[in-house]
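Below is one structure, written out as structure tokens, with a few remarks after it.
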Number of protein chains: 2
Amino acid sequence: MQIKKYTDYGLRTLIYLATLPKGRLATINEICAAYEIPRNHLNKVIHQLGKEGFIITRRGKNGGFQLAAEPAEIRLDHVIRRLEGDTPWVNCHSPVCVIEPACELKHILAAGKRVFYDYLASYTLHSLLHKRNELEQIFSTREF
Amino acid sequence: MQIKKYTDYGLRTLIYLATLPKGRLATINEICAAYEIPRNHLNKVIHQLGKEGFIITRRGKNGGFQLAAEPAEIRLDHVIRRLEGDTPWVNCHSPVCVIEPACELKHILAAGKRVFYDYLASYTLHSLLHKRNELEQIFSTREF
DNA sequence: TAAGTACATGCTTTAATAATGCATCTTAAT
DNA sequence: ATTAAGATGCATTATTAAAGCATGTACTTA
């Protein structure tokens, strides 16, 4: 039970973007450098963030990406659900569980999962910027 | 984000035990057979269930194990927390995340995790026995 | 319009961890 | 003593996430 690095990288990307002046594009290289994370993996994360509509990407020279909405409009439950994948937290098939039709567990865990995401729904990207000044300082001391 | 088979096997074991008449011991072999799951893995699960005090194990000939308490006294949050391991749902170290000191994410996810387990705390092993008759029937048609 | 730079895409490989297998030990009943 | 049960530790396999690599496509700018 732990979110994937993939999801983590996505959230970190959004945090980074939120600290930039509006309209300024960031690049994949810039974010790899800032967080010291591998470009190839981040590549895929950025691509999905774009597909899901959390960021707007632009190809070509002087391309890059920026937030598609205000930080306060980007809900954490949405981001994590999409990046993490929204599968059940218990797998009753493959291999099949013989008591599956009589078993309540999947329903309880599904409800628990809902409760978890409902809680996250009260937070947005903006909630992650509480120490925005510190974040900016960390990033500023890392860029070339 | 999915519970481990290990945890799943533990829950299934408890469900099986709860359908037995009080005082009757089950064996690892019996449960592997009932669920068609590998003995070696279950072995470790049973051992931990005993260590954690959810079941009482007895070695030696005619040994086995039984529930250590009434189903209604065995809380699902306790069982899952122990079997699943109670680590944070996001890993900010190894490798270290450069914004860790300024980042709110871990606190929000930790709170979400608490909300999840608080929800599970309203359920017990008894909650999993809603279709007890069906469960017993499934088991009875599987035993030798 | 050619060159360069950025994201997009698909495939392959590696790493991490869960799951399983195997051997042996310990305990208890008969 | 023998047998049957869980306990324990190490080795192996399977699964999946993570990372690497190669190349395609879009867009800017000289």
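Naming convention: chains lettered A, B, ... in sequence-line order (proteins, then strands); numbering from 1 in each chain.
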**Study point:** Atom pair distance, as rounded to whole Å: CG in B:N40 and P in C:dC25
**Key:** 17 Å
Practice item. Look at B:Y9 and C:dT20 and indicate whether a side-chain polar atom (N or O) is within less than 4.0 Å of OP1 or OP2. Key: yes
Point to revise | Of residues 56-65 of chain B, the positions that come close to DNA chain C - non-hydrogen atoms, cut-off under 4.0 Å | key: B:R59, B:G60, B:K61, B:N62
Check your understanding: C:dT14 C1' sits how many Å from A:H41 NE2, rounded?
Key -> 13 Å
Practice item. Quickly work out the A:L42 CG to D:dA17 P distance and round it to whole Å. Key: 18 Å
Review point. How close or far is atom C1' of D:dA17 from atom CG of A:D8, stated in whole angstroms?
Key: 13 Å
Review point. Counting only side-chain N and O atoms of A:H47, is one of them less than 4.0 Å from OP1 or OP2 of C:dC7?
Key: no
Study note, to complete from the structure: When rounded to whole Å, the CG to P distance for the pair A:N43 and D:dA22 reads 15 Å
Could I get a table of every N or O pair under 3.5 Å where one atom is in the protein and the other is in nucleotides 13-16 of chain D?
none

**Study point:** For the student: nearest non-hydrogen atoms of B:Q2 and A:P88, plus distance
**Key:** NE2-O, 3.1 Å
Exercise for review: Give the rounded distance in Å between these two atoms: CG of A:L25 and P of C:dT5.
Suggested key: 17 Å
Revision key, fill the gap. Atom CD1 of A:I28 and atom C1' of D:dA19 are separated, to the nearest Å, by 14 Å
Point to revise | Quiz item: B:K44 side-chain donor-acceptor pair to C:dG21 base, under 3.5 Å | key: yes
Practice item. Sort out for me which residue in A:T13, A:I74, A:I46, A:L17 forms a side chain to side chain contact (heavy atoms under 4.5 Å, CB included) with A:F54. Key: A:I74
Check your understanding: Do A:E52 and A:R81 meet the salt-bridge criterion of a basic N to acidic O distance under 4.0 Å?
Key -> no
Check your understanding: Closest to the B:Y6 side chain: D:dA19, C:dT20, C:dA19?
Key -> C:dA19
Exercise for review: Identify whether the distance between the nearest side-chain nitrogen and carboxylate oxygen of A:R12 and A:D8 falls below 4.0 Å.
Suggested key: yes
Practice item. May I have the distance from A:E30 (atom CD) to C:dC7 (atom C1'), rounded to whole angstrom? Key: 14 Å
Review point. Looking at A:A34 and B:V98, what are the two nearest heavy atoms and their distance?
Key: O-CG2, 3.5 Å
Check your understanding: Do the rings of A:F139 and A:Y16 sit parallel, tilted or perpendicular, given the 30° and 60° boundaries?
Key -> perpendicular
Practice item. State whether a side-chain donor-acceptor pair under 3.5 Å links B:E136 with B:T19. Key: no
Review point. Is the shortest side-chain N to carboxylate O distance from A:R132 to B:E104 below 4.0 Å?
Key: no
Exercise for review: Return the nearest nucleotide to the side chain of A:I46; candidates are C:dA8, D:dA19, D:dA18.
Suggested key: C:dA8
Practice item. Examine the side chains of B:Q48 and B:Y6 and answer whether a donor and an acceptor come within less than 3.5 Å of each other. Key: yes
